[in-house]
Amino acid sequence: MRLDGFVSKAAGVSRSQARTWIRRGEVRVDGQPVREAGYRLDADTRVSVGSEELSLPGGLYLMLHKPRGLLSATRDAHQQTVLSLLPDALAARVHLAGRLDKDTSGLLLLTDDGDWSHRVTAPARHCGKVYVADLADAIDDTGMSRLADGVMLRAERVPTRPARLERLGPARVRITITEGRYHQVRRMFAAVGNRVLALHRERIGGLALDPSLAPGRWRELTAVERAAVLD
Ligand code: URA
């Protein structure tokens, strides 16, 4: 994420105040003054203002590589949930910041910070969620542009918001949506006469699933990643 965005979120100041500090050379990145507001931070970068290292307010923030076959729920009487992948002490503390279908894999966020999860999932923020869909049938350009423009889902009255689509193969598409309707991606492809065979979430906002996390594994987010989700 950008340096000015991180400083503003972590220090609780406006972006223009953050840019003033950056311009004056008061913000250091890994110990060196950086005067460029748009400087891109890596996940493990350390940022300080004066002698104070910046971090976001405390709490527990996890990314989990959800495998297919587990429920995105905190508890269920009959089926195994994603919380079974965490140690008991952590599982007792966290809730889900968004959900994935049982058959979907990929990036899932868990936290004990209700404000943060609300901001991640609030429909009004239009936080982008990026999925890769493997389809039953090849999709043509007409189908791609219908989905990009917005389609009417069964039993709904408002079309989906515009989506970004990228063709990865004849029946493989990367799709970015900014809503979170029930089974949305599967229903969007159904609306153009196709069917999703496999679905994987790669990214939420400015945060990508760590490629070194195997399905079923999790880790804590860094302060930069926590802010990047909301980017
Ligand atoms: N859309 C779906 O259809 N399923 C998911 O799990 C996420 C988005």
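Remember, it's 1-based here, ligands and their atoms both numbered in the order they're listed. Computed from a prediction, not measured in an experiment: that's the story for all the values here. For the numbers below, each heavy atom of this structure counts, side chains included, while hydrogens, waters and symmetry mates do not.
Residue R119 qualifies as enclosed at atom CZ: its count of foreign heavy atoms under 6.0 Å is above 12.
The list of salt bridge (Lys or Arg N to Asp or Glu O under 4.0 Å) pairs with a residue in residues 69-98, not counting sequence neighbours, reads R93-D112.
A donor and an acceptor atom, one from each side chain of S105 and H65, are nowhere located under 3.5 Å apart.
Among all heavy-atom pairs drawn from L230 and K9, the shortest one is CB-CE, 4.1 Å.
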Protein N/O near ligand 1 N/O, under 3.5 Å, which pairs?
from	atom 1	to	atom 2	distance (Å)
ligand 1	1 (N)	V185	N	3.0
ligand 1	3 (O)	H183	O	3.1
ligand 1	3 (O)	Q184	N	3.4
ligand 1	3 (O)	V185	N	3.2
ligand 1	3 (O)	R186	N	3.0
ligand 1	4 (N)	D101	OD2	2.7
ligand 1	6 (O)	D101	N	2.7
ligand 1	6 (O)	T104	OG1	2.9

Which atom pairs, one a donor and one an acceptor, fall under 3.5 Å between side chains of residues 147-157 and the rest of the protein, sequence neighbours left out?
from	atom 1	to	atom 2	distance (Å)
E156	OE1	R181	NH1	2.3
E156	OE2	R187	NH1	3.2
E156	OE2	R187	NH2	3.0

Distance-only donor-acceptor hits, side chain of residues 163-170, under 3.5 Å, sequence neighbours excluded:
from	atom 1	to	atom 2	distance (Å)
E166	OE1	R174	NH1	3.1
E166	OE2	R174	NH1	3.4
R167	NH1	I139	O	2.8
R167	NH2	I139	O	3.1
R167	NH2	D141	OD1	3.0

